[in-house]
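The structure under discussion is supplied below as structure tokens; questions concerning it will follow.
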Amino acid sequence: MGSDAVVFPENIPEGLKPPAILVGEVNAGGLDDQVHSHLYRRPPKAWFIAFAITSTFMLTGFGCIGYTFWLGIGAWGNNIPVGWAFDIINFVFWIGIGHAGTLISAILLLFRARWRNAISRFSEAMTIFAVICAVIFPLIHVGRPWLAFFLFPYPNQRALWPNFRSPLIWDVFAVNTYFAVSLLFWYLGLMPDMASLRDRTLGKVRKVIYSVLALGWRGAASHWQHYERAYLIIAGLATGLVLSVHSVVSFDFAVSLVPGWHMTIFPPYFVAGAIFAGFAMVVLALVVVRTTMNLKNLITDYHLEVMNKVILTCACLMGYSYLLEAFTAWYSMNSYIHHTFMQYIGGTYWWAGWTTITCNILIPQLLWFRRFRRSYTGMVFVAIAVTVGMWFERFVIIVSSLHQDFLPSSWHIYKPTIVDFGILFGTFGLFFTLVLLFARVLPVIATTEMKMILPGSQPLHKGGSHE
Amino acid sequence: MNSGSVLGIFDSAELLVNAIPRVKAKAQGRLEAYTPYPIEGIDKLLGLRKSPIGGMVLIMGVIGAISTILFELWTSGIDYPLTTAGKPHLSWEAFIPIMFEVTVLFATFTAGLGMLLLLNRLPMFRDPMLSAKSMPLITRDKFALAVEFSGSDLDVDSITKLFQQAGAGQVEVIAKPAPVGAVSPNFFAGLFATIAVSCVIAGLLMYWAIKLFPVSPPISHMLVQPRLNSQRADGFFKNGFGMRLPVAGTVRRGAVSYSITSQENAAGLVNPYPRTNEILNQGRRTYNTYCSVCHGILGDGHPMLTAAYGAKPANLVSQQMIDLRDGEVYHVIRMGRNAMPSYTADLAENERWATVHYIRTLQRAMNARDDDIK
Amino acid sequence: MNKQTDKRLAATAALGLIGIIAAGLVFGWSRFWANWILWFLFLLTIGLGSLFIVALEHVVGARWSIPLRRVPERLSSLAVLMGPAALLALFSLHFLYPWTKPENLQNPVMAGKAVWLNERFFIWRVIGCVVLWAIAYWVFVSGSVRQDRDHNPSFNLRARRLAPLFMVVFGITITIVAFDWISSLEPEWYSDIFGVYIFAGTFLAGLAATTLTVLYLKSKGRLPEIKPDHIYNLGGFLFAFTVFWSYIGFAQYLLMWYANLPEEVLWYKERLQGAWGPLLLVLAIFHFLVPFFLLIPREAKSNPKFLFWTAAFILFSHWLDLYWMIFPVLGHGMHLGWPELSFGFFSIGGVLLWIRHSMSRGADMPVGDPFLREGLGFRL
């Protein structure tokens, strides 16, 4: 990975020059010092204020969950025919946020996109936190969470097995696998950094913790060889996994006969949407992290620009899906699908439908312009719009499709309760609390991976390029 | 010091890479490099064998895939055939997603844990390298090349010189203690002791937890929700019944019109159904469901409900009942008698006649004669 | 340039031509046109897939594929070559496509769809697509060839700016191809993933054809600078998109199988009857399982000979996929005989002749690209 030795012809115009993924002079030792420094510093006042806010939200959310346990699902606004609402909306929303992390850490690794090394650790952490937020919802929406172990196949007195033909069981397997694999992948990436921290920390307790977490890693070439191979294989497997997880989530809806749910495009469309929302969240977090933690030389404008390009690509894929959804609503000549689609854009929840289209399709088109891809205001505006839009997209799919079922006598307008909102904002609190803690106790940049792409780091690759 | 290794510390990856062939040519003993990050191609320079991890992952992945789909087919199609969504029991299509997930799970953990535990023998906190003075440099930005020696087959000074010629900034010699297995007998003893102690503590904790805290299902709102129980009295309806009675004049589907008004006039009716095994079984089912509640499972008028009921239901196996004609019994089932309601709405024509046959069987069985035994 | 081979190819194509005309006269024109559509779509998807590879390189700014780029650039001329073939294929409408028959307008579903599925609009869509592809070919391929001579890097700038736009155009036109030429063989059927399914097949076909050509040229010593690392990447992409095709194909099948709606399963019902059912199984094995397991080992992806045959196999599976989708519309069992073979001779012979001819002109690599050197230095 040593593009330093490449000699470019003289006449390359400005717009074609390879972008800088590092700013200024960066060396391996300085990198460690820079990234690890905030682990030893008392965090700034702003950190405490942020932590107070997020943990308040988090505790409110836990309170609402406790209230739900005490009272039952009646605490929420769900009622027939809208038997699924905020619980599944939030589940799909959060699991989708997680997908960006896997995309960055695994898929971009396979494509050898070197810029991913600076942001992989952070986005993988966001994956794990997002999946934690996501699994709360299926757990509490089963109504009797203390019986959730019924979902696993184990020999039991009832001589029963889970219904393996149910997509909800597929979900259990998909999400658990996803969490386990993400955690393993994250930990493997973290291990060499832990060794580095172990050898540098001065605190006794910290030293013990870092030593245990580093598992005695000593950077032997024979270890690195297996490590690299395993890491690459796991990345390949995680790529398949990330496609499958959101596809399985989409099967929850798409195998049914509900008009608006039963669409064959759902699997790839959900995956694109997940990456879309996830990237928006990563952009939002990175904008804050790189300014408050002085990481502008490692996470450069170029990183943000590339991520904005991914967001734009996803927005176009989403647009394609919406277009086909509309086309099929007509082309199928199926009056139920047609009715449901008209409900999306002109029914009770028309505002949700149009929020979705505006935030997911129209606003991200701003990113065609370089000016918006490079300005904080522009990208934060788009990222917030995408986050809101993707939440509303799931709202439209779930609530709009359900609230008018085949039997007009049971049509019902869904209204969320305050507990619904409490839990939603509670998971945002949980997510950002975990992010803040992570930024406090672990290196937010994978220094080992960064060292790999420093100039001169791979002497056996003279004159080569990896892109 | 008769075994250990000599470390040459280099400032850059390039120096390390250049030094490897030179040291390799002159020094005996195994070569090992220690670097802060993986250097691509260094494994070939050091002459390391290819990592077997790909094959391990493939094998475990295939095992995961096959065992999962077989497990799903067995549980859903053979051990407990469950019919859902009108799909065949062995519907492999629906089993693919879980098969995929478990395959990935097996494969990833084979890659991750196989790499750590089997190939790299980690965790390992006792390696002498970890306490080397140069370790903190290696995990930061320096690169080390180590020549391992055992016995006295190595001249430390000449290696040191070799390293210095190759551009090493420092040279460190570390002693290797007598080799210790990754898991010693002591380790196993400690492990078993820990498990045993944990079990005892967990058992005691569980005992006290159950003793001190009342154990109850956490939330029972869904169990105690208000509802009407069909066999209970309930104030919700005016007549105090929990169960709704059919509207007057309700008939069962496929009902045959019936104009006979008195029991005597019905005496002439003949049971149109033959007395086959099948019909009698049908009669037994109907009787046990509808009649036995009051008349008793044997027809002798001793049911569980008697005490709660004002009047005593008729004893169906008495001589008086034996003397009734089939048509009369049928009429009573059809129209009811005294406190007994009409079963027009509940039973089909064939069920009523089958019940008549079954009552006859009960009467014969309950009035057995001695010569029946012969 | 070997004249002998040229002559042989020309003879094959001529033999095929005689065969197809004879087939039309013997077996009737429905089968003739079904063959026409099949081979037209097979070559079109190769051409479009290659064009997509070229544009993708410009979009993501990939360097490793620059030395290989001339191959997909040459192959994408098939997309333009298929323009006249598409216009000729319009004659097949009355033979194969039920929605062109006036009596089917009694059917309310088909009558409702007549706004989209009517001949005039269909022809305009075909022309529109052909024109758009020709423009894209002119921008990306002709521009690149021109750069060989003038070494002007402004081409890279222009291509980078226009490639994202082409992606949008490509997404829409490939969906139109899928819905018009294939899906409308069963006009009552609909599946909104179908465009993605055809895209997956198209990209894979383009990749497989590119790999085949690169490895063929290399075996003739014409691309000596291409290293195993480049070939490994091609193998990796083949592997990834084999899996992607299977994922999309399975998702569509699973959802339709599960919901079991009459208007959806009619597609599979037609294509699972008789010999078509086993053919679907063969397709699953050929298009997914075999290439999947063949391409797993690291060595397999960089072994030129091995990869050559695997790519050929994938290309054959792609043909089988199209065959499985198009031919059931003829009814009366499976048609596979000398007419199909004649079409194969004609198409493959003619196309190889065309590709050989276009490969013989100009450089084998985009020698004017300022990043060629960087691409040549690519290592894993």
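All chains are named by letter (A, B, ...) in the order of the sequence lines, taking the proteins before the strands, and each is independently numbered beginning at 1.
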* Asked: Looking at B:His89, B:Met129, B:Glu93, which one has more heavy-atom pairs under 4.5 Å with chain A than the rest?
  -> B:His89
* Taking only Lys NZ, Arg NE, NH1 and NH2, and the carboxylate oxygens of Asp or Glu, determine whether A:Arg218 and B:Asp127 approach each other closer than 4.0 Å. =>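 Salt bridge flag = yes for B:Asp127 with A:Arg218.
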* Salt-bridge criterion met for B:Arg30 and B:Glu32 (N-O under 4.0 Å) ->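 Counted as a salt bridge, because a side-chain N and a carboxylate O are separated by less than 4.0 Å.
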* To do: Determine the option with the most heavy-atom pairs under 4.5 angstrom with chain A, choosing from B:Tyr80, B:Phe109, B:Tyr37.
  =>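 Most heavy-atom pairs within the cutoff with chain A belong to B:Tyr37.
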* Among A:Leu31, A:Asp32, A:Val35, A:Val26, find the one that has a side-chain contact (heavy atoms from CB on, under 4.5 Å) with A:Met450. => A:Leu31
* Looking at A:Ala180, A:Ser196, A:Ala220, which makes the most heavy-atom pairs under 4.5 Å with chain B? -> A:Ala220
* For the residue pair A:Phe270 and A:His246, categorise the inter-ring angle as parallel (less than 30°), tilted (30 to 60°) or perpendicular (more than 60°). => tilted
* Toward chain B, the part of A:Ser211 with a non-hydrogen atom under 4.5 Å ->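 A:Ser211 touches chain B through backbone heavy atoms alone.
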* Asked: Given that the side chain runs from C-beta out, which part of B:Leu130 has a heavy atom under 4.5 Å from chain A: side chain, backbone, both or neither?
  -> side chain
* To do: Please work out whether the ring planes of A:Tyr154 and A:Phe149 are parallel, tilted or perpendicular, with thresholds of 30° and 60°.
  =>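 Aromatic pair A:Tyr154/A:Phe149 classed tilted.
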* Asked: How are the rings of B:Phe71 and B:Trp74 set relative to one another: parallel (under 30°), tilted (30 to 60°) or perpendicular (over 60°)?
  -> tilted
* Top contributor to chain B contacts, counting heavy-atom pairs under 4.5 Å, from A:Ile169, A:Leu241, A:Val248 ->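 Most pairs with chain B among the choices: A:Leu241.
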* Asked: By a 4.5 Å heavy-atom criterion (distance strictly below it), what part of B:Leu119 contacts chain A: side chain, backbone, both, or neither?
  ->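 Both backbone and side chain.
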* Asked: Would B:Arg140 and A:Asp33 pass as an ion pair if we require N to O under 4.0 Å?
  -> yes
* Considering only heavy atoms, which portion of B:Trp92 lies under 4.5 Å from any heavy atom of chain A: side chain, backbone, both, or neither? ->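 Interface part for B:Trp92: neither.
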* **chain A contact via B:Lys142 - side chain, backbone, both or neither, heavy atoms under 4.5 Å** => neither
* Structure fact -> Given B:Leu82, B:Thr75, B:Leu105, B:Leu122, the one with more heavy-atom pairs under 4.5 angstrom with chain A than any other is B:Thr75
* Among A:Ala28, A:Ala238, A:Gly219, residue most engaged with chain B (heavy-atom pairs, under 4.5 Å) -> A:Gly219
* Asked: Which bit of B:Leu31 comes within less than 4.5 Å of chain A, counting heavy atoms only: side chain, backbone, both or neither?
  ->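 Neither; nothing under 4.5 Å.
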* Asked: chain A heavy atoms under 4.5 Å from B:Pro97: which part of the residue, side chain, backbone, both or neither?
  -> side chain
* If the plane angle is over 60° it's perpendicular, under 30° parallel, otherwise tilted; pick one for A:Trp224 and A:Trp217. => perpendicular
* To do: Using a cut-off of under 4.5 Å on heavy-atom pairs, state which of B:Pro38, B:Pro123, B:Ala111 scores highest against chain A.
  => B:Pro38
* Verdict with reasoning, B:Glu101 to A:Ser244, per side-chain hydrogen bond (donor to acceptor under 3.5 Å, both in side chains) -> CA-CA 8 Å; B:Glu101 303 301 337; A:Ser244 84; 2.7 Å; yes
* Top contributor to chain B contacts, counting heavy-atom pairs under 4.5 Å, from A:Arg229, A:Glu228, A:Gln225, A:Met191 ->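 Option with the greatest count: A:Gln225.
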* Short N-O contact, A:Asp193 and A:Arg121, less than 4.0 angstrom ->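 Judged by the 4.0 Å cut-off on N to carboxylate O distance, A:Asp193 and A:Arg121 do form a salt bridge.
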* Could you tell me if the ring centre of B:Phe100 sits under 6.0 Å from that of A:Phe173? => no
* To do: Determine the option with the most heavy-atom pairs under 4.5 angstrom with chain A, choosing from B:Asp79, B:Val102, B:Ile138.
  => B:Asp79
* At a heavy-atom separation under 4.5 Å, does B:Leu137 approach chain A through its side chain, its backbone, both, or neither? ->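 Contact with chain A involves no heavy atom of B:Leu137 at all.
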* Structure fact -> Counting heavy-atom pairs under 4.5 Å with chain A, the top scorer among B:Gly112, B:Gly114, B:Ser91, B:Pro136 is B:Pro136
* Asked: Among A:Val245, A:Leu237, A:Asp199, who wins on heavy-atom pairs under 4.5 Å with chain B?
  ->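 Highest number of heavy-atom pairs under 4.5 Å: A:Asp199.
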* Identify which part of B:Asn18 has an atom lying under 4.5 Å from any heavy atom of chain A, answering side chain, backbone, both or neither. => neither
* Of the backbone (N, CA, C, O) and the side chain (C-beta and beyond), which part of B:Phe143 lies under 4.5 Å from a heavy atom of chain A, both, or neither? -> neither
* Asked: Distance under 6.0 Å and angle within 45° of the ring axis: does A:Arg158 meet both against A:Phe150?
  ->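 The answer is yes, since A:Arg158 meets both limits relative to A:Phe150.
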* Asked: Does B:Asp43 pair with B:Arg49 as a salt bridge, N-O distance under 4.0 Å?
  -> no
